[in-house]
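FYI, side chains are in, hydrogens and waters are out, and symmetry mates aren't considered; it's all heavy atoms of this structure. Residues take their numbers from the sequence shown, with the count starting at 1. First listed ligand is number 1; within each ligand, the first listed atom is number 1. Please read all numbers here as calculations on a predicted model, not as lab measurements.
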Amino acid sequence: MPDYQPFLMERFMSAYEQQVEYNLSESGVHPMTLRQLLDIDQSSVEDLLETELNYPYVNGIPVLRERIAAMYDGAGSENVLVTVGAIEANYNSVRSVLNPGDEVVIMLPNYMQIWGVAKNLGKRIRTFPLVEENNWAPDLEELEQAVTEKTKLIALCNPNNPTGYILSETEMDFIVRTASRVGAWILADEVYAGAEQFTDTRTPSFYGKYNKVIAVGSMSKAYGLPGLRTGWLVAPPEMVDQIWARHEYTTISTTMLSNKLTAIALSEKVQPVIIERTRRYIRKGYPLLREWMEQQGDTFSGIPPQAAAIAFVKYDLDINSTDLAMRLIKEKGVMIVPGDHFGMDKFIRISYGLPETYLKGALSRIEELIQNIASPA
Ligand SMILES: Cc1ncc(COP(=O)(O)O)c(C=O)c1O
């Protein structure tokens with residue numbers, strides 16, 4: 001077998017997420033039920049029941065592509081490809097853009113999918129950091145140095161997973177100028193747009209700022225509908241076509257029902273209600289987490305995340321982050337993500353966009369274990 005880089009975080013989730021009592025490893029808000037979704041607008045129920053469970057348009061049903069396009073300035077439905085989650089959009093984008101000898105530049109920390117895919121393709125990967133001391137703002141000088149004539153792709157996650165950092169307009173412009181200097185594509189994973197904590201303004205997309213952008217979105221995070229397995233990408237039509245050619249090899253399409261339910265969720269009537277729900281969860285959950293962190297003395301610290309339902313929390317305990325995560329699973333039935341999965345030990349990623357009693361129940365279990373680690377019996 002050739003060396004293969006598994007997707008550490010997703011492997012970890014697959015192994016344990018269905019076993020634990022409290023799952024604080026997810027990065028989206030608490031999922032909606034089908035009833036909650038359809039109760040916002042009941043006018044589509046009959047149409048759903050009459051739906052033939054056939055293959056849909058493999059690039060996404062027209063009404064859905066139109067609704068997605070409407071979220072991006074200057075985009076039309078010809079710019080949209082509907083995929084099985086953002087994960088497929090990212091994967092097939094990387095495969096479509098990169099040729100032999102091309103290099104990739106990646107923001108770190110990051111959801112490590114693109115890093116792993118590029119590694120498995122044998123690509124040279126250069127990175128630039130988000131800097132904790134600067135409230136997770138990116139080091140743009142390092143970006144500038146990382147981008148060379150061989151750079152074909154700059155991969156970003158904005159708002160960022162795991163830090164929740166949102167790039168400023170100035171930083172976005174700098175990144176665009178840097179990419180255009182060498183003609184590189186920007187792959188902007190924007191799955192947390194809409195899940196902002198401190199502003200009601202949706203995080204702006206990279207789409208429309210430069211002609212070589214692939215912007216990726218999803219129903220999984222900001223909409224609390226991961227079970228639909230609907231994602232998408234927005235890009236120039238020629239690039240959409242190239243990625244679509246790979247989509248046919250990998251998944252053909254997401255399901256007919258997912259297309260229809262996603263179109264309902266992104267309708268003018270329903271979309272704002274879902275986004276408000278998401279922000280309510282985030283804005284109620286983070287103060288609870290913060291208060292709990294403060295109650296633990298100096299053990300935890302962290303920069304308040306600007307978006308997403310996750311906090312990247314630093315801890316001062318004499319234990320490696322994977323060991324801590326495993327002890328939480330085995331001894332307390334609680335799952336968090338170890339910083340090791342982002343190459344940053346002594347951090348954990350904790351989700352908080354969850355019902356209050358669930359979140360508090362999980363945090364009190366974590367507290368029991370950390371007290372035991374801090375002062376073993
Ligand atoms: C930044 C980021 N991109 C993509 C994904 C995959 O999302 P989806 O469920 O839409 O495939 C995730 C899931 O955690 C994520 O955090």
Side-chain angles (χ1 to χ4, degrees), residues 7-14 16-17 23-32 60 64 68 71 80-94 106-118 130 136 154-167 186-196 203 205-206 214-234 243 247 250-251 253-255 258-259 261-262 265-266 274 278 282 305-312 335-339 341-342 349-354:
F7 194 163
L8 286 182
M9 184 171 69
E10 295 295 343
R11 294 250 80 198
F12 174 70
M13 288 190 181
S14 311
Y16 301 109
E17 69 187 349
N23 184 3
L24 303 195
S25 73
E26 249 311 320
S27 61
V29 292
H30 187 59
M32 293 180 86
L64 175 56
I68 292 169
M71 294 159 67
V80 177
L81 179 70
V82 175
T83 55
V84 178
I87 199 117
E88 188 209 330
N90 281 334
Y91 184 81
N92 280 330
S93 297
V94 172
I106 295 179
M107 164 193 266
L108 282 185
N110 206 331
Y111 182 62
M112 297 302 274
Q113 182 196 0
I114 291 161
W115 176 84
V117 173
L130 299 179
W136 297 118
I154 301 178
L156 312 163
C157 182
N158 186 49
N160 176 256
N161 174 357
T163 64
Y165 184 77
I166 298 177
L167 294 167
I186 293 177
L187 177 54
D189 183 334
E190 299 171 345
V191 296
Y192 301 102
E196 293 78 16
T203 305
S205 176
F206 271 90
I214 304 169
V216 170
S218 165
M219 296 310 285
S220 298
K221 311 297 171 183
Y223 296 88
L225 294 165
L228 289 182
R229 304 306 303 127
T230 308
W232 61 83
L233 59 93
V234 184
I243 301 171
H247 174 68
T250 46
T251 61
S253 70
T254 194
T255 69
S258 295
N259 269 267
L261 290 167
T262 306
L266 294 182
I274 299 182
T278 294
I282 288 173
Q306 294 179 53
I310 39 174
F312 201 44
M335 193 166 169
I336 49 96
V337 179
H341 289 183
F342 305 94
R349 196 190 77 178
I350 305 186
S351 49
Y352 55 79
L354 297 161

Contact table, ligand 1 N/O with protein N/O, distance under 3.5 Å:
unit_1	atom_1	unit_2	atom_2	d
ligand 1	3 (N)	D189	OD1	3.4
ligand 1	3 (N)	D189	OD2	2.6
ligand 1	9 (O)	S220	OG	2.7
ligand 1	9 (O)	R229	NH1	2.7
ligand 1	10 (O)	A86	N	2.7
ligand 1	10 (O)	S218	OG	2.6
ligand 1	10 (O)	S220	OG	3.2
ligand 1	11 (O)	A86	N	3.1
ligand 1	11 (O)	I87	N	3.0
ligand 1	11 (O)	R229	NH2	3.0
ligand 1	14 (O)	K221	NZ	2.7
ligand 1	16 (O)	N161	ND2	2.9
ligand 1	16 (O)	Y192	OH	2.6

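Between the side chain of S218 and the backbone N or O of G85 there is no donor-acceptor pair closer than 3.5 Å.
With Y111 as the fixed residue, the ring pair (Phe, Tyr, Trp, His ring centres under 6.0 Å) test singles out one of Y192, F7, F312: F7.
For the residue pair T83 and N92, no side-chain donor N or O sits within less than 3.5 Å of a side-chain acceptor on the partner.
Between S351 and I310, the closest side-chain pair of non-hydrogen atoms falls below 4.5 Å. The closest side-chain heavy-atom distance from M71 to L266 is below 4.5 Å.
The salt bridge (charged side-chain N to carboxylate O under 4.0 Å, His left out) test applied to E196 returns R279, not counting sequence neighbours.
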